[in-house]
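Numbered from 1 within each chain, the chains take letters A, B, ... in sequence-line order.
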Amino acid sequence: MSEHAIRLTVNGRAVEARVPARLTLVDFLREALRLTGTHTGCEHGVCGACSVLLDGRPVRSCLIFAVQAEGGAVTTVEGLAPEPGAIGVLQDAFCEAHGLQCGFCTPGMLIAAEALLRATPLPSDAEIREAIAGNLCRCTGYQQIVDAIRLAAQRRAGSNLAGERHDR
Amino acid sequence: MIAEAPSPFRYIGRKRRPKEDRRFVAGSGRYVADLALPGMLHVALVASPHPAARILAVDARAALALPGVRAVVAGEELAQATDPLLSGLDIPKVRRFPLAVGQARYVGEWVAAVVAETRALAEDAAERVEVEYAPLPFVIDPEAALAPDAPPVHAEHGSNLLYRRKFVWGPVAHDFAAAPHSLSFRARWQRSATVPIETFGVVASWDAATRLLDIWASIQMPKYPDQLARALRLPGNAVRVHFDTDVGGSYGVKRGIKHSVLAAYLARKLGAPVRLVEDRLENMRGGDAHGPDRLFDVSVAFDGEGVVRSLKLRALDDAGAYAGRAPLQLGKPVGAIVGPYRIASVEYEAISVTTNKTVQEAVRGFGQSPTNFALETMMDRVARRLGIDRLELRRRNLIRREEFPYTIPSGSTYDSGDYHRVLEKALAEAGYDALLARREAARAAGRLAGIGVACCLEPSGGNSAFEPLFNPKNETTTWMESCSLKVDLSGTITAAMATSSSGQGHETLVATVVGEVLERDPDAIRVVHADSLTALPSNSPVGSRMAIMLGGAAAGAAKKLKADLVAIAAHNLGLPASALDYREGGVSVRGDAGRALSWADLVEIAHRKFHLLPPGLAPGLQAFHVWEVPTGGALPTPDGRVQMYPCYAFEAHIVYAEIDRVTGQVRLGAYAVGHDCGTMINPDIVHGMTYGGIAHGIGAALYERFRYDANGQLVSGSFMDYLMPTAHEVPEIALVDHCTPSPLTEFGQKGSGEAGYLGAPAAVASAVNDALAPLGLAVAELPMSVALLGELLATAAG
């Protein structure tokens, strides 16, 4: 199995590794870096549980290889918090609206929502549903997730510091 | 608007953040696949490509030649070392092991397990395992499976019939003869399931020195540790299941007993921790997590006013190739066989067959949702036959508030309800008159538009007495739950529950209930999941039971603790307990609040000052409570009457749908639900599960199906083919609460974990049929997929 050296940043931290060519990005994040917040649900690009930001855009980390992230900047759910032990406005809104149940799709939902809110700070409900339509959730029926993202958008818009600490 | 009575509760029923959410949004959940033990090995499975075939040989040489491959194990070896997995029925000749033994019986059945140092290596090696098969005749259709000449799935069993019993409760023949009208129809609930986003996974580790098996699993299964020990021929106390493993969704199906027995066997054989996490195809084909697959034949007798007199229901269910607990899903509906209606007599024939399909497992509602679909289709058809409005028909048949407690012909007594009021609330929330106008406008514009109605029950918190009902050798009549509680020297409270959770918010439930009883802040109460050796008896979060049963156990433990606190205070204040007031953890003399002992004082006495403890009270502050189902447990009568469930929640759904005339695609335009599950412990959690249940129900109604082709191949084994609703398909849902407290529970709570799912399929089906009615069409098959409706419309259009 051919191996390749890769360099990338993950949650702002520089990472260098040698990886097999066939290693997916999600397996690299979970197994090599032990960032287990990113989940594998279907491993064929439908469910969205493995979503991460790559250079600011949401991607399915089960559908790209680790070597393809060479030179890129990856943000996982662990990187959404403003600092270790804290949670950001978006994460806090998911708690406030109970926008989750089992938590398994949640990291992917947060990534999809983060990408949406960066591009569209005050989205309509239709835009929220469109943004998360590539992420399957079997617990919530999506309603409280939509509520959570709407709340996060409102709170961010009303805040001077988008990433301010909401550590209850 | 009438003001609601003020809540008698301090924490219960109020908006409070679930305790669990924070770790999940931080990406700090601990799911089984997140676990990495030193030296851990990985499993990949070799699956049968045939629906039925003798296994002639398994050649693992090429696989074992790959570096890093540690073992290849086939069925014969495993069957020597383990006992068959338990079945809910008395069918000893239908033997089920984690790997096929001698014969494969469905496509995807696991034939061999490959263990290697990484999952990728195990998959590489699995492709090199050569299995020689001799294909056999097979049967996929449940009715065909009952034919005398059908290919036998288990030749030793003698036929494909696993269970058949006809129950007759009340004068059915007389009532049919006396009723002026009757009608019959057939309804089909095709095979679907809850399909959690996390597949099933298990990690097993065997310690040869202590002879202890440690298990971490994404499990939601009653008596799982006991079943593991039995299959592995181990003493019960040699199996330690770590219930603090987060479970990424289940809704019934996470019952990986075969996976767990296999992983445990491999861990013990190889002397290393073994991880088996299904990939998606393994999950869909071979994970044994399909849901009910049911054919109903319904006959109903009624009078000219639309009052239903009697009902005959025949349910034929396809269990798949083996039978665990799933056939008992024909048993739960006995507890609500007439739905929310006054029907005086019932005949119910329950039939379970085996076919060459993936094994069925428990799904949310345990067979109640398909039954509700059949009952509600029946009500719609009676209304249509008589030309009576569907809502009016239901109002005439719904049990009235003043009739509770109400005993149905099959022997269950419904605790409480106000069905008419909840239906009216749902109609008001839906804006029913405006919906009617919207439908008429759409129809006038040439579109197919309909409104769906469903009134359904959620039996909850049962004692599992469908086990003796379906298998007299099994005398199960208790389905207890437990909670233990302690206050430590620092004065903080820790509660331990005895099972794992899969999103239901049990930590919040326990903290809220304990906080309510002890008048302490629930946010400061820690709730842990014990492991199976330290846990008290539990039956896992099934059957919509935890608010009732774990809530009852937690309240019971808290009340004992409170009594101890008061006893300590009484002893030290020199007064009887009846002269004291407990308030927020402190105890004071009634009428003299200055004479008091604080929480800190009482904790200090309990933990340090034996000389101040009342005689007979143990030091420390701890209590546990094991709670039986509030209506207890008794064996069924000879004619099969039995009280299984104590509490009955009710839901009324109103949904608006339009069907594209060309494609057959259904779009849901509005959705409202009236829901009464008694007192809600945490409304956000109840609402969330209800929304999610509706989404599941929409999936079962319109999209989701494990479809088999004529060759016995599963053709919807990926998320590209097994279609689940996204945020586009699930509409905004308007939920309106009502509270009829249960007289049987501590706080008036009923079950709610199956809410939404129990009515949504029926409601969506009702809307589709209302939309089709102007064309003279009717359909009683789920899912009402684009393929099904498109073809129906094309045929009708000629």
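For chain A, the option among B:G505, B:A695, B:A120 with the highest count of heavy-atom pairs below 4.5 Å is B:A120. Most heavy-atom pairs under 4.5 Å with chain B, from the set A:V77, A:L100, A:T106, A:N135: that is A:L100. Counting heavy-atom pairs closer than 4.5 Å to chain A, the top residue among B:H728, B:K15, B:R16, B:R119 is B:H728. When the candidates A:M109, A:H98, A:E43 are compared by the number of heavy-atom contacts under 4.5 Å with chain B, A:H98 comes out ahead. With chain A as partner, the option from B:E20, B:E729, B:E704 having the largest number of non-hydrogen pairs under 4.5 angstrom is B:E704. When B:V195, B:T690, B:I698 are compared by the number of non-hydrogen pairs under 4.5 Å with chain A, B:V195 comes out ahead. Across B:N283, B:T118, B:T194, the residue that shares the most heavy-atom pairs under 4.5 angstrom with chain A is B:T194. Across B:V277, B:I733, B:N682, the residue that shares the most heavy-atom pairs under 4.5 angstrom with chain A is B:I733. Ranked by non-hydrogen atom pairs under 4.5 Å with chain B, the options A:E31, A:E78, A:R34 are led by A:R34. Listed options A:G141, A:G103, A:C95, A:C105 were ranked by heavy-atom pairs under 4.5 angstrom with chain B; first place goes to A:C95.
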(request) Check the pair B:D34, A:R30 against salt bridge (charged side-chain N to carboxylate O under 4.0 Å, His left out), reporting the backbone distance first and the verdict last. (result) CA-CA 8 Å; B:D34 301 341; A:R30 289 181 50 81; 2.8 Å; yes
(request) Begin with the C-alpha distance, continue with both residues' side-chain angles, and end with the deciding distance and a verdict on side chain to side chain contact (heavy atoms under 4.5 Å, CB included) for B:D21 and A:F94. (result) CA-CA 8 Å; B:D21 289 2; A:F94 268 66; over 6 Å; no
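Residue contact with chain A, scored on non-hydrogen atoms closer than 4.5 Å, involves the backbone and the side chain of B:M720 alike. Only the side chain of A:H39 comes within less than 4.5 Å of a heavy atom in chain B; its backbone stays farther off. Neither the backbone nor the side chain of B:L281 comes within contact range of chain A; no heavy atoms are under 4.5 Å apart. A:L110 touches chain B through its side chain: at least one heavy atom from C-beta onward sits under 4.5 Å away, while N, CA, C and O do not. Heavy atoms of B:Y31 lying under 4.5 Å from chain A belong exclusively to its side chain. Interface residue B:P731: only backbone heavy atoms are found under 4.5 Å from chain A. Only the backbone of B:L121 comes within contact range of chain A, with heavy atoms under 4.5 Å apart. When heavy atoms are compared at a cutoff of 4.5 Å, A:Y142 approaches chain B solely by way of its side chain, counted from C-beta outward. A:A81 does not touch chain B: none of its heavy atoms, backbone or side chain, sits under 4.5 Å away. Heavy atoms of B:L35 lying under 4.5 Å from chain A belong exclusively to its backbone. The contact between B:V247 and chain A is made entirely by backbone atoms, counting heavy-atom distances below 4.5 Å. Both the backbone and the side chain of A:E130 come within contact range of chain B, with heavy atoms under 4.5 Å apart. For A:T140, the part lying under 4.5 angstrom from a heavy atom of chain B is the backbone only. For B:S28, no part sits under 4.5 Å from any heavy atom of chain A, backbone or side chain. In this structure, no portion of B:I694 lies under 4.5 Å from any heavy atom of chain A.
Here the CZ atom belonging to B:R280 is positioned 11.5 Å from the SG atom belonging to A:C62, to the nearest 0.5 angstrom. Within the model, atoms CG of A:D147 and CG of B:D684 stand 9.0 Å from one another, a figure rounded to the nearest 0.5 Å.
For CZ of A:R57, the number of neighbouring non-hydrogen atoms (other residues, nucleotides, ligands) closer than 6.0 Å is 12 at most. Within a 6.0 Å sphere centred on CZ of B:R667, heavy atoms belonging to other residues, nucleotides or ligands number 12 at most.
In this structure, the side chain of A:Q101 engages the main chain of B:G688 through a donor-acceptor pair within 3.5 Å. For A:R129 (side chain) and B:A727 (main-chain N/O), a donor-acceptor pair under 3.5 Å exists by modelled atom type. Judged by distance alone, with hydrogens and angles left aside, the side-chain atoms of A:R138 form no donor-acceptor pair with the main-chain N or O of B:H696 at under 3.5 Å.
A pairwise comparison of heavy atoms in A:D125 and B:E732 identifies OD2-OE1, 4.3 Å as the closest pair. When every heavy atom of B:I197 is checked against every heavy atom of A:C47, the shortest pair comes out as CG2-SG, 4.0 Å.
In this structure the side chain of A:C139 reaches within 4.5 angstrom of the side chain of B:Y251, judged on heavy atoms. Side-chain contact between A:C102 and B:E198 is absent, with no heavy-atom pair separated by less than 4.5 Å. In this structure, B:P196 and A:F104 have side chains that are not in contact, with every pair of non-hydrogen atoms separated by 4.5 Å or more. A 4.5 Å side-chain heavy-atom check between B:R17 and A:E96 finds at least one atom pair inside the cut-off.
Between the side chains of A:Q143 and B:H687, no donor N or O sits under 3.5 Å from an acceptor N or O.
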